[in-house]
Each structure stands twice: as structure tokens, then as C-alpha cells.
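Quick note on labels: first sequence line is chain A, next is B, and so on, each numbered from 1. Computed from a predicted structure; not experimentally measured.
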Amino acid sequence: MRPVRPEFLPDPALSREEMETLQFDVAAAADWTDAFDFDPRDVSLGTEASLTGERPLVAGVDQAFLGDRGVSAVVVSRGDTVVERVHAVTDLEIPYVPGLLSFREGGPIVAALEKLSCDPDLLLFDGSGRIHFRQAGLATHLGVVFDRPSVGVAKSLLCGRPTEDVDGRPEGWRTDVVADDTVENADPGEVIGHAYQSRQYDSEPIINPLYVSPGHRVSVPTATDLVSRLCGGYKLPEPTRRADAYADEAKAEYR
DNA sequence: GCGACAG
DNA sequence: ATCTTGTCGC
């Protein structure tokens, strides 16, 4: 896979102001409508045949750290079958700053995606997409750079506000996350993502919801639909879990 | 100045 | 994200 829009590559050498300017440009280039050619109903776990054509290839992307180096792992699968796994290690040039995550972790992610020999229909990232100060989170940024449908799945909320109280909701429940005054390029109240309860126990440990948002070429409702089809009884979607496990494996070899 | 803050 | 033992439960 090669970057289709290299002018948008997340360069850690940019000044903080240049990074923010690039994010506004990335958000302007992003498409938040369902602009993909597969049938979202074909995206699921299991081994059943697709309704129409071949089942989509979903790539889960996750990162792990080794001191001042970052490891990005990508696991591509078609339902339950893993088709390809690649990873890359690069030096981390800048510290973590809320809102600038793609500039810190973009290096290893781009390097790993460039090693992919197959081309996935959907990219699933651990982090936000539109739920971001300039609607240009990790998922949006990389989705635009590779011009590939992408979705962001975060375990906590960066910005914006859920329309309803999210505590103790039943499995399958979802509610809108709307822009607040910290989202610089959206009208307050605009829907930028969902809080989605992917898993919930009958009692005790109350599980927090997932914060799902479009990266590129996917709408808010569809982003959550896709994620819901990939959570096989676990809180996190399977592609992301596989990438997480592979990142740990790769990490162990560089120690 | 205070509070918020993906991974 | 990462540093970490034990522990509760299916």
C-alpha cells in the first residue's frame, strides 16, 4: 500500500502550528459519507459466504512502545481468517500531546502500511477519527493519506459530548457524540461520532462504552455499524485485538 | 488561572 | 501507552 496523498503525511518535524494547519487541511479533504464499494453487511466475523461478491478485507492497526521507539502492527483479516500481518519499528520524534497523536505515531503506522502487499477495504484504528479538536484524529489522518475507508475506535473520549449519560448501558446501545466548543471546525451540536456499548456484563464490572468515529469515506452511523459487526463478544473489535496481540509479539523480539 | 486531554 | 502480582470467575 502506498500513500495516495503524500502532501498530507504526518511529519513530526513540523511546528505545532504547522501540524494544526495540516489537520484543518486533512479534515477538509476527508469524506464523511459512505464512499466505499463493499456491502457493510459483509463485514463480520465468522466464515459465512458474503451476500454479494467477496468478503471485505479489514485491517486492524495498533501500536506498542519500546522506550523511545514505536511499533505499529497491522493484521488484515477476512472474517475469522488472518490474511496478512506486518509491523514496523521507528524512532518516536515527539512526545504525546493530546490532539497531535498522528504526528507521534504516524511514522511507524505509515511504514507498516507500506509493507502491506494486499490492499484492505477498511482500516480500523485504535484512536479517534472525527472526535478530535480539528476532526483530524489518527483514523482521519491516515485514512486520508492512503485514501482508504477508515474508522477510529477509542476507549476514552478526547473531546465532544455524549448526548446522554453513558453509564451502565446495555450491550448494543449507542448515542450521538456531538461537537462542543473545543472542536474548532464544527458547529456545536454537530454529530461527530458515537458512544457505543460493545459489551456489558449482567452485573458488577461496569464496562465503559467505546467512542467510535469516522476516519475517512464512512459516515457516523456506518462506522458504528461496522464496529458492532466486528466485536465478537469482546469490548474491542477483533481486528484491533489481533493487531494488539501482534504488536506485543513484535515488541518482545526487539528487547 | 482552572480544567480537559486518543495513545 | 507503560510499570506489575495476585485474584475473581466462567
Side-chain angles (χ1 to χ4, degrees), chain A residues 10 12 16 19-20 23 26-27 30 60-74 87-110 112 123-143 150-162 166 177-184 186 188 192-196 198-216 223 227 232-237 240-241 243-252 254-255:
Chain A
R16 179 176 184 140
M19 290 180 180
E20 295 181 354
Q23 292 184 324
V26 164
V61 185
D62 189 36
Q63 285 70 240
F65 304 89
L66 311 101
D68 55 356
R69 286 180 302 172
V71 190
S72 180
V74 180
H87 73 272
V89 181
T90 72
D91 290 324
L92 294 174
E93 316 279 12
I94 60 174
Y96 167 70
V97 176
L100 300 179
L101 188 62
S102 64
F103 291 91
R104 172 174 164 80
E105 306 187 344
I109 295 176
V110 170
L123 266 28
L124 208 57
F125 292 95
D126 61 314
S128 292
R130 286 184 70 183
I131 296 180
H132 177 273
F133 308 122
R134 289 161 292 282
Q135 298 188 76
L138 195 63
T140 308
H141 203 146
L142 293 155
S150 64
V151 169
V153 179
K155 294 181 288 298
S156 58
L157 194 58
L158 174 62
C159 62
R161 181 177 56 76
V166 304
V177 167
V178 297
D180 55 17
D181 55 22
T182 70
V183 181
E184 307 170 57
I192 56 177
H194 278 158
Y196 171 64
S198 55
R199 183 174 188 191
Q200 191 58 279
Y201 292 122
D202 296 317
S203 61
E204 282 303 277
I206 289 180
I207 299 180
N208 297 316
L210 247 30
Y211 293 94
V212 181
S213 59
H216 182 45
V227 169
Y234 292 94
K235 172 175 181 176
L236 297 173
T240 290
R241 301 182 68 247
D244 181 79
Y246 181 43
D248 283 340
E249 274 182 52
K251 177 179 177 176
Y254 291 83
R255 294 196 66 178

| said: Counting primed atoms plus P, OP1 and OP2 as sugar-phosphate and everything else as base, spell out the protein contacts along nucleotides 3-10 of chain C at 4.0 Å heavy-atom distance: B, S or - for each nucleotide, 5' to 3'. | reply: --------
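Here the SG atom belonging to A:C159 is positioned 5.0 Å from the CD1 atom belonging to A:I192, to the nearest 0.5 angstrom. Within the model, atoms CG of A:D62 and CZ of A:R241 stand 11.5 Å from one another, a figure rounded to the nearest 0.5 Å. Atom CG of A:L236 sits about 9.5 Å away from atom CG of A:L124, to the nearest 0.5 Å. Once rounded to the nearest 0.5 Å, the distance linking NE2 of A:H194 with CZ of A:R130 reads 10.5 Å. Put simply, CD on A:E184 and CD on A:Q135 are 10.5 Å apart, with the number rounded to the nearest 0.5 Å. To the nearest 0.5 Å, atom NE2 of residue A:H141 and atom CG of residue A:L138 are 9.5 Å apart.
In this entry the distance linking CD1 of A:I109 with P of C:dA1 reads 13 Å, nearest Å. With rounding to whole Å, A:H141 atom NE2 is found 16 Å from B:dG7 atom C1'. To the nearest angstrom, C1' of B:dC5 lies 17 Å from CZ of A:F103. The separation between A:R69 atom CZ and B:dG7 atom C1' is 19 Å, rounded to whole Å. Going from atom CG of A:D181 over to atom P of B:dA4 covers 14 Å, rounded to whole Å. Taking atom CZ on A:R104 and atom C1' on B:dG7, their separation rounds to 8 Å, with Å as the unit. Atom pair A:L157:CG and B:dG7:P shows a separation of 10 Å (rounding to whole Å applied). Remark: C1' of C:dT2 and CG of A:L92 are 13 Å apart, rounded to the nearest angstrom.
Remark: A:R69 is not positioned above the aromatic ring of A:Y254, lacking an NZ or CZ atom under 6.0 angstrom from the ring centre and at most 45 degrees off the axis.
Among the protein residues, A:S156 comes within range of the sugar-phosphate backbone only, with heavy atoms under 4.0 Å from sugar or phosphate atoms but none that close to a base. As judged by a 4.0 angstrom heavy-atom cut-off over every strand, A:G99 is placed among the base-contacting residues.
OP1 or OP2 of B:dA6 has not a single side-chain nitrogen or oxygen of A:K155 nearer than 4.0 Å. The phosphate of B:dA6 has OP1 or OP2 within less than 4.0 Å of a side-chain N or O from A:Y96. Listed pair A:T182 / B:dC5 fails the phosphate criterion, with no side-chain N or O lying under 4.0 Å from OP1 or OP2.
Side chain of A:L158, nearest nucleotide from C:dT2, B:dC5, B:dG7: B:dC5.
Listed for the A:R199 side chain is a donor-acceptor partner under 3.5 Å among the backbone atoms of A:G233.
Considering all non-hydrogen atoms of both residues, A:S150 and A:F125 come closest at CB-CE1, 4.0 Å.
Nowhere does DNA chain B pair in an unbroken run of 3 or more (Watson-Crick or G-U, both distances under 3.5 Å).
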